Structure formats: structure tokens, C-alpha cells
Amino acid sequence: LAKTTQPISMDSYEGQEVNITCSHNNIATNDYITWYQQFPSQGPRFIIQGYKTKVTNEVASLFIPADRKSSTLSLPRVSLSDTAVYYCLARTSGTYKYIFGTGTRLKVLA
Amino acid sequence: GAVVSQHPSRVICKSGTSVKIECRSLDFQATTMFWYRQFPKQSLMLMATSNEGSKATYEQGVEKDKFLINHASLTLSTLTVTSAHPEDSSFYICSARDPSGASGVTSYEQYFGPGTRLTVT
């Protein structure tokens, strides 16, 4: 049974780099891993998507090791507005069902 | 970018009544739409996958007769919660898939709607 787990919560100060890791032990080998940000009572907002190694866009970086059993979202220099819940999303191996991670509640402090 | 809307954004209904939630892809055609449910302080849980023109595929534990899904066009899917009860109160979120991707890798991205808050009294 595929499990996708994340740390429940993290605190950080403004301007710091934050790394959130998602462990996904049984995901499809031919699909992307995607990370989302969610604010209260809103739908998830796309942050970044990757297949392997490292991907970087204007807001984040995503590191995926060769075994793809985990992925790490890196947010450089967080601000107060980055306080939100962050989720990874991947498809399970075999059934190809989309499964969200357990979510990480990031709180950015001034 | 691809935009997905949901209507209504919030709804309150009485126990025993039915409520319909619409999910629309505004600027792209979605061959597949997904319906998720999210309880407070929990992750999103996939309820069903809806393919245009065919019956939806429900996840284990989701009653298909209670959560009716219709995907009649490439831009619209509806979720009807029938005979709603207080335990159905939740945040319902849809997503739509834009058919694009690199060769050899499945890279379909899900575009999420803003969600619908359902409260059953």
C-alpha cells in the first residue's frame, strides 16, 4: 500500500530557507511528483513539478533522488505570506491513483 | 494558465436534501476531472475520477449512489451529494487534467478549483 508522508508542521523565520520532505515509498515510475500550496478554504495552488534530480522555478526548487522514494521542496527566503499547508502529490504504482501527502503546515514567523 | 471554477463556493443545506456542485474548466478541455474531499486539518482524499462521456470511477469506500458524478462535456463535471447528512459536511475540491505531456513521461498536470464548502444542518 502506497504511503505518502510528510512532517506535520514546521516553523521558520522570515528570510530563511525551508525544506519540506515527502516520503513516497511506492509511486509510479513514469509520472511526475507535484507540490502544492494550500491556504485555508482554498483549492491547492501549483508550486512545482519534477520527475527526477532537481527542478527550479521562480518560487521553489524540487529535489528528487534517483530512487524516487522521496522528494524535497525547497522554499528560498520565506516570507510571512508563505504560511500555508504544503502537499506533495504522486500517483501510486500499479493502480495509478493520485494520492496526496499528509501535508505540512508551515508557519513563518516575523 | 488553465483555470478551473467551482460553483457554489459554499452551500448550506438541510439533512436529507441533495446538493449539486459544478466544476468547470474555463479555458481548456478536460478529458478527466477528479473530485476530492477534505475534512478539517486533513489532506485531500480522492473520491472519484470522472472521464468525459463515461461513468466515473469511485474510490474504495465512496458510495457511488450517494455521490453522483456526471461529466457530460469536456468542460463540465458535476457532483451531486444525495440525501446529505451532517457527516457529509466537508470541503469538496475538483481538479481537471489538461491533456499535454512530454514523450515517454506522463506529465498531465491537475488544475484545481477553489473548492466548495458544504455544510449540512
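Everything quoted here is computed from the prediction, not taken from an experiment. All chains are named by letter (A, B, ...) in the order of the sequence lines, taking the proteins before the strands, and each is independently numbered beginning at 1.
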**Q** Is it the backbone or the side chain of B:Glu59 that comes under 4.5 Å from a heavy atom of chain A, or both, or neither?
**A**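 Just its side chain gets close to chain A.
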**Q** Which atom names give the shortest non-hydrogen contact between B:Gln110 and A:Tyr36, and what distance separates them?
**A** O-OH, 3.3 Å
**Q** What option among A:Gly101, A:Pro44, A:Ala28 has the most heavy-atom pairs under 4.5 Å with chain B?
**A**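 Counting heavy-atom pairs under 4.5 Å, the top option is A:Pro44.
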**Q** Quick check on B:His85: does its NE2 atom have over 12 non-hydrogen neighbours (other residues, nucleotides or ligands) under 6.0 Å away?
**A**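 Above 12, so yes.
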**Q** How long is the span from the CZ atom in B:Phe112 to the CZ atom in A:Phe46, to the nearest 0.5 Å?
**A**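 Answer for the CZ-CZ pair, B:Phe112 versus A:Phe46, is 11.0 Å.
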**Q** Can B:Val62 be reached from B:Leu118 by stepping across I, L, V, M, F, W or Y side chains whose heavy atoms are under 4.5 Å apart?
**A**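 Linked, B:Leu118 and B:Val62 end up in one cluster.
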**Q** So which heavy atom on A:Tyr87 is nearest to which on B:Gln42, and how close?
**A**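 Closest approach of A:Tyr87 to B:Gln42: OH-O, 3.3 Å.
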**Q** Is A:Phe39 atom CZ crowded by more than 12 heavy atoms from other residues, nucleotides or ligands, each under 6.0 Å away?
**A** yes
**Q** Out of B:Arg117, B:Gln38, B:Gln6, B:Arg10, which one racks up the most heavy-atom pairs below 4.5 Å with chain A?
**A**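 Max contact count across the listed options: B:Gln38.
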**Q** Measure B:Thr57 against the heavy atoms of chain A and call it side chain, backbone, both or neither at under 4.5 Å.
**A**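 Contact with chain A is through the side chain of B:Thr57 alone.
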**Q** Check each atom of A:Ser41 against the heavy atoms of chain B and say whether the ones under 4.5 Å are side chain, backbone, both or neither.
**A**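 Contact with chain B: backbone and side chain both.
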**Q** Inspect the surroundings of CE in B:Met45 and state if more than 12 heavy atoms from other residues, nucleotides or ligands are less than 6.0 Å away.
**A** no
**Q** Below 4.5 Å, heavy atoms only, C-beta onward: do A:Gln38 and B:Leu44 meet side chain to side chain?
**A**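 Of all side-chain heavy-atom pairs linking B:Leu44 with A:Gln38, at least one is under 4.5 Å.
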**Q** Could you tell me which non-hydrogen atom of A:Phe100 sits nearest to which non-hydrogen atom of B:Ser43, and how far apart they are?
**A**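 For A:Phe100 versus B:Ser43, the nearest heavy atoms are CB-OG, 3.3 Å.
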**Q** Other residues, nucleotides and ligands only: do more than 12 of their heavy atoms fall within 6.0 Å of NZ on A:Lys52?
**A**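 Not buried by this count: 12 neighbours or fewer within 6.0 Å.
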**Q** Answer with side chain, backbone, both or neither: which region of A:Arg45 has an atom nearer than 4.5 Å to a non-hydrogen atom of chain B?
**A**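 Interface part for A:Arg45: neither.
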**Q** State plainly whether one hydrophobic cluster holds both B:Phe67 and A:Tyr98, where clusters connect Ile, Leu, Val, Met, Phe, Trp and Tyr through side-chain heavy atoms under 4.5 angstrom apart.
**A** no
**Q** Grouping I, L, V, M, F, W and Y whenever their side-chain heavy atoms are under 4.5 Å apart, do A:Val59 and A:Val55 come out in a common cluster?
**A** yes
**Q** Can A:Ile20 be reached from A:Ile33 by stepping across I, L, V, M, F, W or Y side chains whose heavy atoms are under 4.5 Å apart?
**A** yes
